[in-house]
Amino acid sequence: MTRNDAQKFLQIKHAWEQRKLKDIAEIVGGGTPSTSVPTYWNGSIDWYSPTEVGKDNFARGSKRKISKEGLKNSSAKLLPPHKTILFTSRATIGEAAILEREGATNQGFQSIVTKEGTDVYFLYSYKNHLKKQALIKASGSTFLEISKKAIEELQVQLPSFEEQTKIGSFFRFIDQAITLHQRE
């Protein structure tokens with residue numbers, strides 16, 4: 001790297017803004033419909049638990065499903081695809097996946113729903129940094145947990161949306177190449 005390259009990099013890095021998650025995303029907790037009401041279960045809505053997240057970059061379908069009635073009668077919320085990062089907030093903190101189709105989560109999540117002007121894959125690539133911050137802020141005697149309010153205060157560095165999109169696409173390409181290589 002030449003001195004000129006280093007100076008350009010530093011100029012770009014200084015152009016990035018430090019932002020709180022609450023400024024660039026909505027944080028949405030999950031919930032569980034009553035298991036004693038059979039009509040709340042075995043519907044068509046994906047309903048994730050923390051054990052289903054973290055092995056793949058994308059959440060493409062859950063093991064258990066809830067019904068529209070179950071969603072309506074619980075604190076679970078329907079999350080939008082391609083804008084939501086499922087983020088575990090209990091026991092195992094900071095496991096993450098991008099939601100590929102509409103779904104809901106149990107209370108072991110504080111999901112990150114990106115606002116306009118935030119690239120979901122760019123923000124997803126920040127997951128390890130977010131996890132480190134979350135673990136520092138987590139508390140609990142039986143198991144660690146981080147609140148919605150604490151997650152809203154986590155910090156990220158953001159370039160322009162155009163740069164986020166380019167960087168997010170680059171990381172997605174690398175992740176896809178790694179996945180293909182691992183399958184071989």
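- No hydrogens or angles considered: nothing links the side chains of Asn106 and Tyr48 as a donor-acceptor pair under 3.5 Å.
- Contact of the Phe122 side chain with the Leu158 side chain is registered, since non-hydrogen atoms from C-beta on lie closer than 4.5 Å.
- Using a 4.5 Å heavy-atom threshold, the side chains of Ile85 and Leu99 count as separate.
- Taking 4.0 Å as the cut-off between side-chain N and carboxylate O, Glu153 and Lys149 do not count as a salt-bridged pair.
- In this pair, Tyr121 and Phe58 present their aromatic rings tilted. The plane angle is within the 30 to 60° band.
- Residues Ser111 and Thr105 are in side-chain contact: their nearest non-hydrogen atoms beyond the backbone lie under 4.5 Å apart.
- Residues Glu52 and Lys63 form a side-chain contact, since some pair of their non-hydrogen atoms from C-beta on lies under 4.5 Å apart.
- Not one N or O on the side chain of Glu17 forms a donor-acceptor pair closer than 3.5 Å with the backbone of Gln157.
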For this session: Just do the side chain to side chain contact (heavy atoms under 4.5 Å, CB included) check on Ile45 and Lys65 with the steps written out, would you?
Result: CA-CA 5 Å; Ile45 300 169; Lys65 313 277 188 208; 5.9 Å; no
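- Here the side chain of His129 pairs no donor or acceptor atom with the backbone of Val156 at under 3.5 angstrom.
- Both Val120 and Ile151 belong to a single network of hydrophobic side chains, linked directly or stepwise wherever heavy atoms of I, L, V, M, F, W or Y lie under 4.5 Å apart.
- A donor-acceptor pair under 3.5 Å links the side-chain atoms of Lys77 to the main chain of Ser75, judged by distance alone.
- Note that CG of Asp56 and CD of Glu100 are 9.0 Å apart. Values are rounded to the nearest 0.5 Å.
- Using a 4.5 Å cut-off on side-chain heavy atoms (C-beta onward), Trp41 and Thr35 make contact.
- Taking NZ of Lys68 as the reference point, atom CG of Asn73 lies at 14.0 Å (rounded to 0.5 Å).
- A distance of 9.0 Å separates OH of Tyr126 from CD1 of Ile167, quoted to the nearest 0.5 Å.
- Side-chain atoms of Thr32 and Gln107 include a donor-acceptor pair closer than 3.5 Å.
- Under the 3.5 Å distance criterion, the side-chain polar atoms of Glu102 are left unmatched by any main-chain donor or acceptor of Leu79.
- Here the CG-CD1 distance, from Leu123 to Ile24, works out to 5.0 Å after rounding to the nearest 0.5 Å.
- With contacts defined as side-chain heavy-atom distances shorter than 4.5 Å, the pair Ser160/Trp16 does not qualify.
- Formation of a donor-acceptor pair under 3.5 Å by the Ser169 side chain with backbone atoms of Thr165 is found in this model.
- Rounding to the nearest 0.5 angstrom, the gap separating the CD1 atom in Ile112 from the OG1 atom in Thr84 is 9.5 Å.
- Leu154 is listed as a side-chain neighbour of Lys137, based on a closest heavy-atom distance under 4.5 Å.
- Distance check, rounded to the nearest 0.5 Å: CD1 of Ile178 to CG of Asn57 gives 8.5 Å.
- The backbone N or O of Thr88 sits nowhere less than 3.5 Å from a side-chain atom of Gln110 that would complete a donor-acceptor pair.
- Clustering ILVMFWY residues whenever any of their side-chain heavy atoms sit less than 4.5 angstrom apart, transitively, puts Ile27 in the very cluster that holds Tyr124.
- Heavy atoms from other residues, nucleotides or ligands lying under 6.0 Å from CD of Glu116 number 12 at most.
- Checked against the 6.0 Å centroid threshold, Phe173 and Phe170 do not count as a close aromatic pair.
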Exercise. Taking it one step at a time, do Ile98 and His82 satisfy side chain to side chain contact (heavy atoms under 4.5 Å, CB included)?
Worked result: CA-CA 7 Å; Ile98 298 171; His82 311 292; 5.7 Å; no
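- Checking side-chain atoms of Trp47 against main-chain N and O of Leu71 turns up no donor-acceptor pair under 3.5 Å.
- Side-chain heavy atoms closer than 4.5 Å link hydrophobic residues (I, L, V, M, F, W, Y) into clusters, and following such links, even through other members, never connects Val113 to Leu78.
- One finds a salt bridge joining Lys131 and Glu95 here, because a Lys/Arg side-chain nitrogen approaches an Asp/Glu carboxylate oxygen to under 4.0 Å.
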For this session: Kindly determine whether Ile66 and Asn42 satisfy side chain to side chain contact (heavy atoms under 4.5 Å, CB included), including the steps that lead there.
Result: CA-CA 5 Å; Ile66 60 173; Asn42 301 315; over 6 Å; no
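- Thr39 and Glu69 are linked by a side-chain donor-acceptor pair at a separation below 3.5 angstrom, with hydrogens and angles left out of the test.
- Closest heavy-atom contact between Ala59 and Leu86: CB-CD1, 3.8 Å.
- Heavy atoms of other residues, nucleotides or ligands lying less than 6.0 angstrom from CZ of Phe143 number more than 12.
- In this structure, Asp23 and Lys20 have side chains that are in contact, with non-hydrogen atoms separated by less than 4.5 Å.
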For this session: Please report the C-alpha distance between Leu21 and Glu152 in whole Å, then the side-chain angles of each, then the deciding distance to 0.1 Å, and finally whether the side chain to side chain contact (heavy atoms under 4.5 Å, CB included) criterion is met.
Result: CA-CA 5 Å; Leu21 270 186; Glu152 289 175 333; 5.6 Å; no
